[in-house]
Every structure is written in structure tokens, then in C-alpha cells.
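Start at 1 with the first residue, then count along the sequence. Bear in mind that the values here come from a model prediction, so they are computed numbers and not experimental data.
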Amino acid sequence: MYKMTKQQFILPLFLFLGLLAQAQESSFSFSLAEAQQYAIEHSYQSQTANKEVEKSKRKVKETISTGLPQINASGSYQNFLELPRQLVPAEFFGGNEGEFAEVVFGTEQQMGIDITATQLLFDGSYFVGLQASKVYLELTKNDQQKSETEIKKMVTQAYGNVLVTEKNVDILENNVKNLEENVVETQALYENGFVEEQDKDQLELLLANAKNAHEQAKRQIQISRNQLKFILGIDITESIQLTQSLEEIAEENQSQDYLNQAFDVSNHIDYKVINTQEKATELLWKQQKSTYLPKLNAFFTYQQNSYSNEFNFFDDSRWFPTEVVGLNLSMPIFSSFGRNHRIQQAKIDYEQVNIAKKQVEQQLLIQAENAKSEYTFALNQFATSKSNLDLAQRIYDKTKIKYDEGVSSSLELTQANNQLLETQGNFISAALQLINAKANLDQALNNY
């Protein structure tokens, strides 16, 4: 009988474990900070912003290349089905004075090849364009930074939504278990004549409603997880694990230090964006002014032409070279004040951006103050809801003891249960509100 050796057994085992490890690698695990960083690198919005930066870099190089030597080649072939005729005085050929003779110049076929090199020597709009292309690159980088800020905020909110839905399911699941125990106990008390049928029916109705709410809450988990995966740039078929709890994140976001943080509007990304837009409109204004300046180009052209009555240009035909070097000067003189009107429009655009810049500055200051106010309120709400949760739990526990002892009715137990559920819901809502308020505060203070 064939016996497998130790080495023959271990090798397939290692291969199997390796394949299993690779399969497990497709599952993603994130803390909030890790999720934010992953989204910055892989989200659809981030990828688009990166492409815009890459494209703007190409735009800078394209603009630079227009001022460098340009070389073009062209070729032509002509076949005259009927050669053009010219009239010349017949007396040149011994004819009568006042008469004209028909003559034909040229050959039936001709071919030409030429190469032209041009070099820009002076163009005011070109130098302004170089500056504008670099400002355009700065704009796209600002947009990239702004995109990263928005992504971090969206990830924070989506991460918090997943934790809230999962926490809500846990609460409703525990509530269903507690009610099931109460229904079993009440059924036994009813069968022994210690409680009325109404008490039993009341708890059964409460249990049915709790199960329905629990099932509905479970469906929300996948919806919120898919939304988070979409923001992260992960395929919705993949699985993700969140390593932080709702309470942990809420506790991390409790600090009065954020309220005392100094705010410098000039460092905010929105202010940087409008500041760069101001530079761009100023350059457009300069570009319109530069249209009054002349343009000067140098050129060199080399040509080869051949003429024949037959298509034998690549055999024994003669080729006649031509070389030309020169300058092209273009000087604007009068445009019926069209240039002046375009300059004035560009100036107005620049002045409008100046107004918008001041507006953005004031909006950012107001936004920072409002975010601090909302964060303060969220802090207080979370502290209050946390205290109320402990209180509601104690009330429910005491009511349950009284109900088991026959001192309290099922209606009072139902009210205490509903009160506990409502308080638990308020707690997770306050936790999510705190997370969102902190995300808005970070965005307002440019902490991302």
C-alpha cells in the first residue's frame, strides 16, 4: 500500500494555507483614519483629481513647447491635364504688331518637397501664457487638496453611519431577546392566573413590533456599508471590517481644545482656491493687454522641386533646390476699439474675483464660528444622552423587578421598555451628531 511521506503531506498543506491567506486578503479592515487614507488613494473622486493634476502638468509643457522651434514638412504633386496658356505680343516672335500669340509654360507634371522651421522671437501673450499655465497647475493642486478634505469628511460620516446602523441592530436585537423572555414569563403567569390576558397580549404585540423593527434595521446595514465602500473606491462585492466602535470614535471626538483652536483664514483651502483664481484672472487681464504688442517670428524654408512631362521624378529627373530665411513681424494697429473693450472686460473679471475673495473670507469666518457652536451643542447632547441612557436602564430594571413581583402592570413595563429604546436611539443619534459635528469643524478649521 502507498504511504504518504511527511514532506508530501506538509507541502500541499502549506499550499492550501497560502491560497486561504490570499483569499482572506480580499477582505478590507479599517480604522477611521485608515479608511480616510485609503479613500484618498483609491476613491473615484481622488483618482479624478489626480488625473486633473497630471493633465495640468501636461498643459504647462504644451504651453512651453509653443515657444520652442517648430519644424514642419510638406509635399505636393500636380498633374496638369491641360497646361495653362498665356498670351504674349506676336511681334516678339516676328509676328504682326498688335497681334498676340499663345504660348505654354511649364511641364505637365511637377513635384515638390519642403521643410520649414519657425522660432518665436517675441510674443507678449506667450510669456503671460507661461505664467497662466503654472497658475492653472496650482489651481488643480488646490482642487486636489480640497477634494481630499471632502473625501475625509465623507468617509467620517459614512463610517459613522455604518456604526450607527450596526449599533441600532444590536440594541433592537437585545430588546427582542428581553421581550421574548418577558413573553415566556408572562405566558406562564397567565396560565397560572397571576396576570390578565390583556397584559399577555400587550407584550406579544410589543414583541411583534420589535421583531419587525429589528429586521428593517438589519437591511440598513448593507445599504450603509455599500455607501462606505463606494466612497472608498472598493467594489461592493468585497467585504469590509470596521475596527472602531461608535462609542470609541465619539469619545475620541470629545475635547474642548478644538473650540479654542486659532483659525487662520489664509491657510484654509477655500481661501487658497479663490486666491489662485485671483492670480489667474489678473494674468488674463495682462494677456489682453499684451495684444497691443507686436509678434516676431523667424523662419527658414528649404524646398526641392522637380518638373517633367512624365512621372519619373524618382528616376533621372532633376531637382531644383530653394532656401529661404526671414522674419515675420505682425503689428496690431487699429481694431475699432475691440481690444480695449476686451481689456476692460478682463479688468472687470479681476475686480469681481477681488469681491468674491472678500466674500469667501467672511464666509469662512462665519462657518468656523457656526461649526464651533454646533460642535459645542453636540458635545452637550452626547453627554446628556449618555447620562439619560444610564437613567433609563435603571428605570427599566426596577420596573421589570416590580412586574415580576406583580406590583407593576404590563403597561408600565411597556412604557419603561419604550422609554429605554427611545433613550438608546437618542444616544446613538447624539454620537453620530457629535461625529458629524467634529467632521464639519475639522473642515471649517482646515484640520484635514
Pairing residues for Phe230 by the ring pair (Phe, Tyr, Trp, His ring centres under 6.0 Å) criterion, not counting sequence neighbours: Tyr44
Check against side chain to side chain contact (heavy atoms under 4.5 Å, CB included), Thr281 and Asn354: CA-CA 10 Å; Thr281 52; Asn354 280 332; over 6 Å; no
Tyr396 and Leu413, any side-chain heavy atoms less than 4.5 Å apart: yes
Between Gln254 and Glu251, a side-chain donor and acceptor under 3.5 Å: yes
Pairs involving residues 261-281, ordered by first then second residue, that meet ring pair (Phe, Tyr, Trp, His ring centres under 6.0 Å) (sequence neighbours left out): none
Sub-4.5 Å side-chain heavy-atom contact between Ile223 and Gln227: no
Contact list for residues 275-294, test salt bridge (Lys or Arg N to Asp or Glu O under 4.0 Å), sequence neighbours left out: Glu138-Lys279, Glu278-Lys357
Residue pair Ile64 / Leu130, side-chain heavy-atom distance below 4.5 Å: yes
Flag, side chain of Gln202 to backbone of Ser409, donor-acceptor distance under 3.5 Å: no
Check: Asn426 side chain, Glu422 main-chain N or O, donor-acceptor pair, under 3.5 Å: yes
Considering all heavy atoms, the nearest Gln287-Ser125 contact: NE2-CB, 3.7 Å
Side-chain donor or acceptor of Thr165 paired with backbone N/O of Val162 under 3.5 Å: yes
Verdict with reasoning, Gln241 to Phe30, per side chain to side chain contact (heavy atoms under 4.5 Å, CB included): CA-CA 6 Å; Gln241 299 296 326; Phe30 299 111; over 6 Å; no
Aromatic ring proximity, centroids under 6.0 angstrom, Phe311 and Tyr77: yes
Intermediate values then yes/no, side chain to side chain contact (heavy atoms under 4.5 Å, CB included), Tyr403 and Glu412: CA-CA 8 Å; Tyr403 177 78; Glu412 291 174 319; over 6 Å; no
More than 12 heavy atoms from other groups under 6.0 Å of CD on Gln362: yes
Close side-chain approach of Phe427 and Asn388, heavy atoms under 4.5 Å: no
Check: Glu238 main-chain N/O paired with Lys229 side-chain donor or acceptor under 3.5 Å: yes
Closest contact, heavy atoms only, Ala217 versus Leu172: CB-CD1, 3.6 Å
Ser373 (side chain) donor-acceptor with Asn370 (main chain) under 3.5 angstrom: no
Carboxylate-amine/guanidinium contact Arg225 Glu166, below 4.0 Å: yes
Scan the side chains in residues 337-353 for donor-acceptor partners under 3.5 Å anywhere in the protein, sequence neighbours excluded, and list what turns up.
unit_1, atom_1, unit_2, atom_2, d
Gln345, NE2, His341, O, 3.4

Side chains of Glu54 and Asn50, donor plus acceptor under 3.5 Å: no
Flag, side chain of Ser147 to backbone of Asp143, donor-acceptor distance under 3.5 Å: no
Residue Gln216 excluded, over 12 heavy atoms near CD under 6.0 Å: no
Sidechain N-carboxylate O distance under 4.0 Å for Lys218, Glu215: yes
Main-chain N/O of Leu137 paired to Thr140 side chain as donor or acceptor, under 3.5 Å: yes
Donor on one side chain, acceptor on other, Asp397 and Gln393, under 3.5 Å: yes
Exam field: side chain His42 to backbone Tyr38, donor-acceptor pair closer than 3.5 Å: yes
Pairing residues for Ser31 by the side-chain contact (heavy atoms from CB on, under 4.5 Å) criterion, not counting sequence neighbours: Ala33, Glu34, Thr243, Gln244
Nearest non-hydrogen partners of Val60 and Ser133, listed with the distance: CG2-O, 3.3 Å
Polar contact flag, side-chain donor to acceptor under 3.5 angstrom, Glu150-Gln45: yes
Main-chain N/O of Glu108 paired with Gln110 side-chain donor or acceptor, under 3.5 Å: no
Side chain proximity check, Lys59 to Tyr136, heavy atoms < 4.5 angstrom: yes
Ion pair check, Asp442 and Lys153, cut-off under 4.0 Å: no
Lys141 vs Glu52 side-chain heavy atoms within contact, under 4.5 Å: no
Thr156 and Gln36 side chains, donor-acceptor separation under 3.5 Å: yes
Trace of the side chain to side chain contact (heavy atoms under 4.5 Å, CB included) decision for Leu445 with Lys372: CA-CA 9 Å; Leu445 298 180; Lys372 287 182 178 181; 4.1 Å; yes
Got a list of side-chain donor-acceptor pairs under 3.5 Å for residues 292-305, not counting sequence neighbours?
unit_1, atom_1, unit_2, atom_2, d
Thr301, OG1, Thr116, OG1, 3.2
Tyr302, OH, Gln304, NE2, 2.6

Residues Asn175 and Asn417: side-chain donor-acceptor under 3.5 angstrom: yes
Student check: side-chain heavy atoms of Leu434 and Ile249 closer than 4.5 Å: no
Considering all heavy atoms, the nearest Ile428-Val164 contact: O-CG2, 3.9 Å
Main-chain N/O of Ile221 paired with Ser224 side-chain donor or acceptor, under 3.5 Å: yes
Pair Asp114-Ser74, side-chain donor/acceptor within less than 3.5 Å: yes
Test item: Lys272 and Gln145 side chains (from C-beta on) under 4.5 Å apart, heavy atoms: yes
